[in-house]
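Computation of the quantities below employed the complete heavy-atom set of this structure, encompassing side-chain atoms and omitting hydrogens, waters and symmetry-equivalent molecules.
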Amino acid sequence: MSSLIAAGFAVEAADGRLSSLSADLRAVVDLGADAVELTLTSLDLIAGGRMIEERVAPLLALTRQFDVTYTAHGLVSSNFMDPDTLPSQLQAAKALVELCDRIGARVLVQHGGFLRADQIHQRADAVDREREALHELCAYAARHGVRIALENIFSTAPGQYRQTPAEIAGTVKAVNHPALVALIDFSHAYLEATYRGLDFMAEIAAMAPVAGHLHVHDSFGRPKGFYEAFFPQEAVALGIGDLHLPLGWGDIAWERIFSELRFLPGTVLMMEIGERYRQEQPASLAFARQLMSLSAKA
């Protein structure tokens with residue numbers, strides 16, 4: 001029996017308006033997705049760490065129209081390693097937990113932290129700082145019936161400090177809270193493994209036993225470096241960067257991954273393949289369900 005319970009797509013408000021998120025949500029539900037990840041911070045729903053009730057009410061009315069499993073993406077800029085913004089980060093994350101509870105989203109995505117190359121004096125305490133913040137957030141999330149999913153990210157600047165996917169798994173184990181799981185973003189892991197000369201399969205295998213949420217989209221695992229594409233399509237042409245491609249457009253070995261790795265019970269397979277690839281989304285959804293079947297058989 002598969003530990004994967006649903007497959008779907010992440011949606012966002014491309015222009016910061018609820019109508020934009022609504023259109024994206026309705027489109028993926030019409031495709032047959034049974035799970036949707038709401039990118040909450042693409043809307044003005046939180047101000048200074050508190051919910052804006054008059055903005056939350058229309059979102060609640062929208063989400064109640066669809067019988068799907070909701071998860072939520074928190075701050076894309078989330079960073080519990082940064083001492084300067086940590087108090088504000090934690091306050092906003094707690095407000096997002098409350099919002100998740102209101103809309104029935106039982107998973108909130110939190111990005112793994114990082115430090116800039118010039119933050120040398122903050123590195124010694126960076127991991128402990130993040131772990132302490134995660135423990136506080138998880139204690140709060142548990143009271144609201146929400147799990148925090150800690151996502152592995154890839155290096156985006158020279159000299160940047162980030163944890164590898166295996167180190168993210170180590171953080172989840174060290175925090176040791178039932179409301180904390182790892183989130184494997186396979187493309188991010190592929191990029192970071194290439195950049196650092198690590199074994200991609202070994203890195204994601206280290207995460208799998210504590211992984212309770214998955215971000216799935218394709219790429220070629222080629223770090224961006226200093227390359228700047230004029231059109232986004234040019235990066236795709238070269239296969240460079242975090243491309244968020246339809247499944248099968250890149251070269252990630254999806255069948256091997258889902259045949260070999262096991263994840264925590266109740267895990268959602270969430271595709272971060274956006275509106276740009278709307279015509280490819282149905283094929284990706286069908287492919288995702290084949291991967292769920294592979295996972296169930298092994």
Distance-minimising heavy-atom pair for [X] and [Y]:
| X | Y | value |
| --- | --- | --- |
| Val236 | Leu243 | N-CD2, 4.0 Å |
| Asp34 | Arg289 | OD2-NH2, 3.5 Å |
| Gly221 | Leu191 | C-CD2, 3.6 Å |
| Ile240 | Pro223 | CG2-O, 3.8 Å |
| Pro165 | Asn152 | CG-ND2, 4.0 Å |
| Met207 | Leu183 | CE-O, 3.3 Å |

Just wondering, more than 12 heavy atoms not from [X] lying within 6.0 Å of its [atom1]?
| X | atom1 | result |
| --- | --- | --- |
| Asp30 | CG | yes |
| Gln233 | CD | yes |
| Arg196 | CZ | yes |

Exercise. Mind running salt bridge (Lys or Arg N to Asp or Glu O under 4.0 Å) on Glu167 and Arg162 for me, showing each step along the way?
Key: CA-CA 9 Å; Glu167 289 169 340; Arg162 281 198 185 274; over 6 Å; no
Exercise. Any chance you could lay out the side chain to side chain contact (heavy atoms under 4.5 Å, CB included) test for Leu21 and Leu38, step after step, and finish with the verdict?
Key: CA-CA 8 Å; Leu21 183 137; Leu38 302 168; 4.2 Å; yes
Would you check if the side chain of [X] reaches a backbone N or O of [Y] as a donor-acceptor pair within less than 3.5 Å?
| X | Y | answer |
| --- | --- | --- |
| Gln119 | Arg116 | yes |
| Glu130 | Ala126 | no |
| Ser78 | Leu75 | yes |
| Arg222 | Gly241 | no |

Quiz item: Can you list the steps and then say if Asp84 with Gln122 is a side-chain hydrogen bond (donor to acceptor under 3.5 Å, both in side chains)?
Solution: CA-CA 10 Å; Asp84 295 330; Gln122 284 78 40; over 6 Å; no
From [X] atom [atom1] to [Y] atom [atom2], the distance as rounded to the nearest 0.5 Å:
| X | Y | atom1 | atom2 | answer |
| --- | --- | --- | --- | --- |
| Thr194 | Phe200 | OG1 | CZ | 8.5 Å |
| Arg55 | Leu59 | CZ | CG | 11.0 Å |
| Leu247 | Ile252 | CG | CD1 | 8.5 Å |
| Phe287 | Met292 | CZ | CE | 13.5 Å |
| Arg26 | Asp24 | CZ | CG | 12.0 Å |
| Leu43 | Ile52 | CG | CD1 | 10.0 Å |

Are the side chains of [X] and [Y] in touch, meaning some heavy atoms are under 4.5 Å apart?
| X | Y | value |
| --- | --- | --- |
| Arg147 | His213 | no |
| Tyr190 | Asp251 | yes |
| Gln281 | Pro246 | no |
| Ile257 | Ile204 | yes |

Quiz item: Can you name the residues that form a ring-ring contact (aromatic ring centres under 6.0 Å, His included) with Tyr140, not counting sequence neighbours?
Solution: His144
Exercise. Please check if any side-chain donor atom of Thr164 sits under 3.5 Å from a side-chain acceptor atom of Glu192, or the reverse.
Key: no
Practice problem: Step by step, work out the side-chain hydrogen bond (donor to acceptor under 3.5 Å, both in side chains) result for Gln160 and Thr156. | Solution: CA-CA 7 Å; Gln160 186 180 74; Thr156 58; 2.9 Å; yes
Exercise. Test His73 against every option in His215, Glu37, His111 by the side chain to side chain donor-acceptor pair (under 3.5 Å) rule and name the one that passes.
Key: His111
Practice problem: Check step by step if side chain to side chain contact (heavy atoms under 4.5 Å, CB included) holds for Leu150 and Val181. | Solution: CA-CA 6 Å; Leu150 185 64; Val181 298; over 6 Å; no
Quiz item: Should the ring pair Phe186 and Phe263 be called parallel, tilted or perpendicular, given that the plane angle runs from 0 to 90° and is split at 30 and 60?
Solution: perpendicular
Distance-only criterion, 3.5 Å: show the donor-acceptor pairs between side-chain atoms of residues 5-19 and protein atoms not counting sequence neighbours.
unit_1, atom_1, unit_2, atom_2, d
Asp15, OD1, Arg17, N, 3.0
Asp15, OD1, Ser20, OG, 3.4

Self-check item: Trace of the side chain to side chain contact (heavy atoms under 4.5 Å, CB included) decision for Phe154 with Asp242
Solution: CA-CA 9 Å; Phe154 58 98; Asp242 187 30; 3.5 Å; yes
Linked, directly or transitively: [X] and [Y] (ILVMFWY side chains, under 4.5 Å):
| X | Y | result |
| --- | --- | --- |
| Ile46 | Val109 | no |
| Leu180 | Ile184 | yes |
| Val216 | Val36 | yes |
| Val97 | Val172 | yes |
| Ile148 | Tyr70 | yes |

Self-check item: Test side-chain hydrogen bond (donor to acceptor under 3.5 Å, both in side chains) applied to Arg131 and Thr171, step by step
Solution: CA-CA 7 Å; Arg131 290 177 179 180; Thr171 284; 3.3 Å; yes
Quiz item: Between Asp101 and Arg106, is there a side-chain N and carboxylate O pair less than 4.0 Å apart?
Solution: yes
Exercise. Could you please spell out the steps behind the side chain to side chain contact (heavy atoms under 4.5 Å, CB included) verdict for Leu214 and Val268?
Key: CA-CA 6 Å; Leu214 307 177; Val268 172; over 6 Å; no
Exercise. Apply side-chain hydrogen bond (donor to acceptor under 3.5 Å, both in side chains) to Arg50 and Gln91, showing your working.
Key: CA-CA 8 Å; Arg50 62 176 177 80; Gln91 189 178 12; over 6 Å; no
